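Structure, as structure tokens:
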Amino acid sequence: MKMRKLLAFIATVALAAGTLAGCGSTETAAADETIVEEAVTEETAAEEVTEETVSDLTGTVKMAGSTSMEKLANAVAESFMIVTPGVTVTAEFTGSSAGVESVIAGSVDIGNSSRYLKDSEKESGAVENIVAIDGIAVVVDPSNTVTDLSKEQLAKIYTGETKSWSEVGGTDMPVVVVGREAGSGTRDAFEEILEVEDTCVYANQLDSTGAVMAKVASTPGAIGYVSLDVIDDSVIALSLDEVAPTAENIKAGNYFLSRPFVMATNGEIAAQSEAVQALFAWLTTEEGKAVIESVGLITVD
Amino acid sequence: MTKNSIIGSNKTKSTVEKAAQAVFTTCAFFAVLAVVSITLYMLMNGTPALFKVGIGEILFGTSWMPTAKNPSYGIFYVILTSIIGTVMSILIGVPIGVLTAIFLAETASKKLAAFVKPAVELLAGIPSVIYGLLGLLILNPLMYKLEIMIFKNSETHQFSGGANMISAVLVLAVMILPTVINISESSLKSVPEQYKAASLALGASKIQTIFNVMLPAAKSGIISAIVLGVGRAIGEAMAISLVSGSAVNLPLPFNSVRFLTTAIVSEMGYASDLHKQVLFTIGLVLFAFIMIINVSLTRILKKGEKSDARK
């Protein structure tokens, strides 16, 4: 009920924005209007489809799990409820392991996990459905001459063993190790993949992606890590083990600093409720993929 | 009829009086309610972790690794940073502030005062995030250059990119200036004119008068200015979270440091379970500090009044 109210509110705001944009005479305003119109058409189209194929689809989909997947889960829940108004999707963020436990116990329909499922979890009946891949980029300031680091070099930088860029083939410039605060999903993923959990020595622990980008961009010799989607010209994204951080390389599994976003189910998707099946089917449509990309993730084929 | 109407109006009068009284009382209790509920809330949320982790381990532990496999929640360095950072910023900010107040109250020409006074007032109105941004963009790069010069050949120093204790202290020192200046100035201005006149008449110079007569007479006001400055410095979060680097370290000048306030701000977003409870404990520690400062402020003010009365 709450979500519906929220949706109604969002729709109202969107409409109001459209009207306001219509009042303006600039090109952007016109463009905005077109987008709004398109969105409306799409929505109507989706509704029509819903009416034809799964018109009687009602039910609930309960998700729980990874806090790193909060953005994705919320975006998916909101967008999916627009195209299938009869289904209520709820999402809780209890952590990957707790999410998988809940799905095995049957208290939720989908367990979100930002890591591959463990064998023990699979034996207990959880099925690993990878819906997206999260990539982490290692960034340095534009004046840095280093363009590539090996996994070992990166780990040594973050554990404080390497103190100067000259040790990894750069100029004689001190390394300023920038990272995220304890509890950050990006930090968890970075340290876990690099196997430097609890041994990192940070000189700066900043509490947002934007702060990391700003600090790295403005500090000669700084190194930081951020989600792949926020990379811009203010920093250089390093290639790791001679693999550039691109969506293609991550999909191909060559870039090691990436992790899967798993929506685990108890048993195969085909054995789930219709609502859950519809959700997974929707995730593979263009619209579903657009939502995944909109939160900065890489889709899987 | 007339009699009746008089009684009636009396009745209305007393009803209005009573109603007004009730409204005032309610409003007064609203503030008290807020203080009491905040105190209770902090105690309820802050104390469990103290006992779960151990009071000594939290308050005197030096290792802050809340999300490690074997988490440790020592906030000793954080407490130390807050204390030293506040003291240092007071040491820098108060002399500048008091001297500015003297300038404004005593020595400035009207034209100059008309320029400086609004500038100080403007300083008070600038949001703390702006101080932080300026510190981040101007102070940090300067500090980084200094850091590279000083620690060029150091094997052990971890470079912080200029986000260090000094930056935070300087930003705090600037931030407490308006508080110190305004309160000191008004207390200087409220020193009776006769004191000054008597001192000057006895042949003391202007400077002698200021330091030997005016300042001692305005002592209690200046002390309360300092205490309020301490309150502002210890409670500030936004500005220093941008310039201090937020890594938990011993508060040495060129180390990246974390204050009590920034410790809460930076990790509250994703913290869960015991980690979150410990953040509340940090809040409780901060709350206790501010309470102590406030109580001492009232004590000092009361003492000041008494000694004034004796005079």
Side-chain angles (χ1 to χ4, degrees), chain A residues 66-68 70 92-95 97-98 140-141 157-165 172-192 196-212 214-224, chain B residues 63-73 132-133 136-138 140-141 143-145 147-149 151-164 237-238 241-249 254-258 262-273 275-276 278-279:
Chain A
S66 170
T67 49
S68 314
E70 182 168 352
E92 280 175 49
F93 309 102
T94 49
S97 300
V140 295
D141 75 285
I157 284 178
Y158 269 88
T159 49
E161 275 180 63
T162 304
K163 289 183 183 294
S164 167
W165 285 103
D172 188 17
M173 190 161 54
V175 179
V176 178
V177 183
V178 179
R180 291 288 305 277
E181 83 282 9
S184 149
T186 316
R187 169 164 157 172
D188 285 350
F190 178 85
E191 294 187 355
E192 198 179 305
V196 291
E197 289 137 305
D198 315 333
T199 53
C200 282
V201 186
Y202 293 104
N204 279 260
Q205 286 187 28
L206 307 176
D207 57 6
S208 74
T209 303
V212 171
K215 185 75 198 175
V216 171
S218 65
T219 313
I223 183 168
Chain B
S63 164
W64 175 257
M65 298 216 296
T67 52
K69 284 208 181 71
N70 297 310
S72 48
Y73 301 99
L133 273 180
L136 184 70
L137 296 175
I138 298 167
N140 280 358
M143 283 299 151
Y144 188 34
K145 279 182 189 150
E147 189 182 19
I148 289 177
M149 267 163 57
F151 293 97
K152 211 170 186 179
N153 299 314
S154 165
E155 294 278 303
T156 49
H157 179 73
Q158 187 188 27
F159 282 85
S160 65
N164 56 27
M238 195 62 230
S241 80
L242 289 170
V243 300
S244 67
S246 269
V248 181
N249 279 317
F254 282 95
N255 272 1
S256 164
V257 290
R258 186 179 290 188
T262 50
I264 303 172
V265 171
S266 68
E267 286 181 4
M268 206 40 134
Y270 292 109
S272 52
D273 307 329
H275 183 193
K276 192 163 207 156
V278 174
L279 292 186

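Each chain gets a letter, A, B and so on, in the order its sequence line appears, and its residues count up from 1. No hydrogens, no waters, no symmetry mates; every other heavy atom, side chains included, goes into these values. Worth saying up front: this structure is predicted, and the values here are computed from it rather than measured.
- Neither the backbone nor the side chain of B/Ser72 comes within contact range of chain A; no heavy atom of the residue lies under 4.5 Å from a heavy atom of that chain.
- One N or O on the side chain of B/Tyr144 and one on the backbone of A/Pro220 form a donor-acceptor pair closer than 3.5 Å.
- With a threshold of 4.5 angstrom between heavy atoms, B/Asn164 does not approach chain A through any atom at all.
- No more than 12 heavy atoms of other residues, nucleotides or ligands sit less than 6.0 Å from atom CD of A/Glu92.
- Heavy atoms of B/Lys152 lying under 4.5 Å from chain A are absent altogether.
- Residues that satisfy the ring-ring contact (aromatic ring centres under 6.0 Å, His included) test with B/Phe254, not counting sequence neighbours, are B/Phe151.
- Here OG1 of B/Thr67 is found 6.5 Å from CG of A/Asp198. Values are rounded to the nearest 0.5 Å.
- At least one donor-acceptor pair closer than 3.5 Å links the side chain of B/Ser256 to the backbone N or O of A/Ala203.
- Here the side chain of B/Gln158 pairs a donor or acceptor atom with the backbone of A/Val201 at under 3.5 angstrom.
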request  = Run the numbers on A/Asp207 and B/Glu267 for side-chain contact (heavy atoms from CB on, under 4.5 Å), then give the verdict.
outcome  = CA-CA 7 Å; A/Asp207 57 6; B/Glu267 286 181 4; over 6 Å; no
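- Contacts of B/Ile148 with chain A are made by side-chain atoms alone, with heavy-atom separations under 4.5 Å and no backbone atom involved.
- Within the 3.5 Å criterion, the main-chain N or O of B/Ser160 finds a donor-acceptor partner in the side chain of A/Asn204.
- The ring-ring contact (aromatic ring centres under 6.0 Å, His included) test applied to B/Phe159 returns B/His157, not counting sequence neighbours.
- Interface check for chain B: of the options A/Thr199, A/Asp172, A/Val176, the most heavy-atom pairs under 4.5 Å are formed by A/Val176.
- The contact between A/Val175 and chain B is made entirely by backbone atoms, counting heavy-atom distances below 4.5 Å.
- Contacts between A/Ala182 and chain B at a heavy-atom distance below 4.5 Å involve backbone atoms as well as side-chain atoms.
- Taking CD of A/Glu181 as the reference point, atom OG of B/Ser246 lies at 9.0 Å (rounded to 0.5 Å).
- No donor-acceptor distance shorter than 3.5 angstrom exists from the side chain of A/Lys215 to the backbone of B/Leu136, with no hydrogens or angles considered.
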